[in-house]
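Reading through the structure tokens given below for one structure.
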Amino acid sequence: MVLFILITLLSVFANRFNYPFFAPANKKTEMANIRIKNLLQSNAIDSIVNVEGWVRSKRGNKQVQFIALNDGSCVGNIQVVVDPNAINEEVMKLVTTGAAIKAEGKLVASQGAGQTVEIQATTITVYGTADVDTFPLQKKGHTLEFLREIAHLRPRTNTFGAVFRVRHAMAYAIHKFFNDRDFFYWHSPIITGSDAEGAGEMFRVSALSPTNPPLNSEGKIDYKADFFGRETNLTVSGQLEGELGAMGLGLIYTFGPTFRAENSNTPRHLAEFWMIEPEMAFYDIHDNMDLAEALLKYCINYALENCEDDLVFLTNLYDKELMDRLKSVVANPFKRLSYTEAVSILEKLNDKFEFKVQWGSDLQKEHETFLVEHFKTPVILTDYPAAIKSFYMKQNDPDADGRKTVRAMDVLFPWIGEIIGGSQREENYDKLVNRMRELNIPEKEMWWYLDTRKFGTCPHAGFGLGFERLVLFVTGMSNIRDVIPFPRTPKNAEF
Ligand code: 4AD
Ligand code: MG
């Protein structure tokens, strides 16, 4: 009797808290709410399963119908086989492309080609119908341009499912890479009062009335009356605040959104993009290059090992050479050379280029991709002219011709061009202040940045990796607007 009560109590307790050991017998074979990715790999034949997802297609006849169901977990669909005698005809009428449904039934080995398992449905529940005449996604393919106009529905397509799963994997890989190397994730602010890159292409942040802002005695907008008591903007880079973190924690990285109000309508520019900015105390430019190369190779290798189905899908559909290109970048050392050496190669070929090159010119994408093709591997260019780089970069001694360069490093990738920009930082207070004065950068407002050069300054370095440019490279897509869920570009912030 006591034993009976004990068992009853235990089983009630087990059911209450979903403990498997006393679950009722029929639960043993039931796999509820399983993701399709796991189901497709499952060998739990004869289990009762239920899956929820969106209908990709329905076909069949009076004897049998087939629903291809996708839940976003992978590029593959699960095939749901429906016996029209078993499922209400009115329900099946609602099962059209785009509808959200639940299918319950037995998992069986598939009879047809193309999948190993399928579900023999016993119940279909329709959560949400999709009107066949107005649902914009049809079975036939759509252009990427068209899909950009319906960015709210893009995640339902095979292509964007694959791209955004790879994007997720890259974000995860980046955190793992740095965590495994004892870096700390550092959160630089999104609203700042500084212009980190000195390019002045910033979005203002203000809470003042746009129609009737308070004016100062000179008749200009009085930002002292604004929310922060000063002019503020969305950050163009988390680097300067990142440096402050590195000067105490040693090794940090940021990974956040950055904003640039430059009017660049190219397939490689966004007004809002995500950037990864590691900053390392006691690193010189060589350590910096080693880290950049290791990070890129790690991420690409991570994608090859963990996103195979999606990469195969993208390779077949968009870019036959994608997989080979990814493997080749991982396998070969990047070529490192100075800007001056690169210019001496490029100058000889000026006939080929739209923009002619001479020492001092900013390199264009055509030059960057030429170098990558020339060396047949990604290229790291160093020691650029000081005049075309940011104020914070470490100053080299002038060369034999008196030309001034800085310890910059840009990593150039096939097709993409610049994927990483970085440098060793100028740690000498006087040199840094002089450079800021030359460029009219307000040193008063940057007192907190300059303080790091006054108190325990040390050699340090860092770089910025454009996250979307990485995802662009790894997915083989050709427009940066197609690798971020909601692209922000000039005249485009619809969704
Ligand atoms: O070369 P950038 O401007 O460097 C910096 O912002 C430094 N503060 C980085 C650092 O040293 N911590 O930008 C770095 C990278 C570029 O190489 C590119 O990959 C990406 O950010 N990037 C953009 N990506 C998309 N759209 C844009 N408009 C971009 N501008 C830069
Ligand atoms: Mg740059």
Side-chain angles (χ1 to χ4, degrees), residues 167-198 202-203 205 228 232-260 270 272-285 287-296 298-299 302 390-394 407-409 411 419-427 432 445-471 484:
R167 183 180 166 106
H168 160 78
M170 291 300 86
Y172 178 74
I174 285 162
H175 285 299
K176 183 159 169 51
F177 174 89
F178 285 116
N179 185 66
D180 289 353
R181 282 161 186 74
D182 299 325
F183 281 66
F184 300 108
Y185 184 20
W186 173 263
H187 295 94
S188 285
I190 288 171
I191 300 174
T192 73
S194 62
D195 175 5
E197 290 304 300
M202 299 176 299
F203 291 101
V205 173
F228 297 107
T232 48
N233 52 273
L234 295 178
T235 188
V236 296
S237 156
Q239 177 198 325
L240 302 189
E241 296 89 347
E243 283 188 47
L244 311 186
M247 297 307 276
L249 292 162
L251 304 173
I252 65 93
Y253 70 104
T254 71
F255 188 168
T258 42
F259 306 86
R260 299 201 181 170
L270 290 164
E272 174 181 310
F273 63 99
W274 288 66
M275 187 154 48
I276 298 97
E277 294 186 274
E279 197 65 38
M280 297 75 66
F282 312 111
Y283 266 47
D284 67 13
I285 192 167
D287 305 320
N288 207 22
M289 286 192 278
D290 291 345
L291 187 77
E293 184 168 341
L295 171 64
L296 289 166
Y298 181 90
C299 290
Y302 188 91
S390 302
F391 72 96
Y392 50 71
M393 295 190 178
K394 185 171 174 65
R407 301 239 86 182
M409 55 156 237
V411 182
I419 195 164
I420 279 181
S423 75
Q424 191 169 330
R425 315 308 188 191
E426 183 51 78
E427 82 265 24
L432 186 59
E445 283 178 24
M446 301 282 276
W447 65 272
W448 46 270
Y449 184 69
L450 286 164
D451 260 10
T452 55
R453 275 63 171 177
K454 278 193 201 158
F455 308 118
T457 191
C458 71
H460 64 290
F463 61 81
L465 165 63
F467 185 55
E468 284 74 20
R469 293 201 185 168
L470 173 67
V471 181
I484 185 166

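A quick note: this is a predicted structure, and the numbers were derived from the prediction, not measured.
Taking CG of Asn179 as the start and OH of Tyr172 as the end, the distance is 9.0 Å to the nearest 0.5 Å. Interatomic distance, CG of Asp287 versus CG of Asp290, reported as 6.5 Å (0.5 Å rounding). Going from atom CD1 of Ile252 over to atom CZ of Phe183 covers 8.5 Å, rounded to the nearest 0.5 Å. Atom CD1 in Ile420 sits 8.5 Å away from atom CG in Leu291 (nearest 0.5 Å). To the nearest 0.5 angstrom, Phe259 atom CZ is 9.5 Å from Ile191 atom CD1. The OG atom of Ser423 lies 7.0 Å from the CD1 atom of Ile285; values are rounded to the nearest 0.5 Å.
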Inset, instruction - Kindly indicate, with the supporting measurements, whether the criterion side-chain contact (heavy atoms from CB on, under 4.5 Å) is fulfilled by Ile419 and Leu296. - result: CA-CA 10 Å; Ile419 195 164; Leu296 289 166; 4.2 Å; yes
Legend entry - Arg425/Glu279 under salt bridge (Lys or Arg N to Asp or Glu O under 4.0 Å): CA gap, chis, key distance, verdict: CA-CA 10 Å; Arg425 315 308 188 191; Glu279 197 65 38; 2.9 Å; yes
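By the 4.5 Å heavy-atom criterion applied to side chains, Thr452 and Leu244 are counted as neighbours. Residues Phe463 and Leu295 are in side-chain contact: their nearest non-hydrogen atoms beyond the backbone lie under 4.5 Å apart. Residues Ile276 and Phe178 meet the side-chain proximity criterion, which asks for heavy atoms closer than 4.5 Å. Counting heavy atoms from C-beta on, the side chains of Tyr392 and Leu240 come closer than 4.5 Å. By the 4.5 Å heavy-atom criterion applied to side chains, Met446 and Phe391 are counted as neighbours. Residues Thr258 and Thr235 have side chains in contact (heavy-atom distance under 4.5 Å, counting atoms from C-beta outward). In this structure, the side chains of His175 and Tyr253 come closer than 4.5 Å at one or more pairs of heavy atoms. You'll find the side chain of Met247 stays beyond 4.5 Å of the side chain of Phe455, heavy atoms only.
Nearest heavy atom pair, residue Ile484 against residue Glu272, reads CD1-O, 3.9 Å. The minimum heavy-atom distance linking Ser194 with Met202 is given by the pair O-SD, 4.0 Å. In this structure, Ala292 and Met409 approach most closely via the heavy-atom pair CB-CE, 3.8 Å. Heavy-atom minimum distance, Phe255 versus Tyr185: O-OH, 2.9 Å. Across all their heavy atoms, Pro459 and Gln424 have their closest contact at CB-NE2, 4.3 Å. Across all their heavy atoms, Glu243 and His460 have their closest contact at OE1-NE2, 2.8 Å.
The existence of a salt bridge linking Glu468 and Arg167 is confirmed by a sub-4.0 Å separation between a basic side-chain nitrogen and an acidic carboxylate oxygen.
Under a 3.5 Å cut-off, the side chain of Glu241 and the backbone N or O of Ser188 do not form any donor-acceptor pair. With Asn233 contributing its side chain and Val205 its backbone, the two residues share no donor-acceptor pair below 3.5 Å. In this structure a side-chain-to-backbone donor-acceptor pair under 3.5 Å is present from Ser237 to Gln239. Trp448 places a side-chain N or O within donor-acceptor distance of the main-chain N or O of Glu445, the cut-off being under 3.5 Å. Judged purely by atom type and a 3.5 angstrom limit, Glu277 uses its side chain to pair as donor or acceptor with the backbone of Gly238.
A cation-pi contact, defined as under 6.0 Å to the ring centre and within 45° of the axis, links Arg181 to Phe177. Because its NZ or CZ atom is both nearer than 6.0 Å to the ring centre of Tyr449 and within 45° of the ring axis, Arg453 counts as a cation-pi partner of that residue.
Annotation: Phe282, atom CZ; neighbour count of heavy atoms from other residues, nucleotides and ligands within 6.0 Å does not exceed 12.
Applying the ring-ring contact (aromatic ring centres under 6.0 Å, His included) rule to His168 yields no partners; only residues at least two apart in sequence or on another chain are considered.
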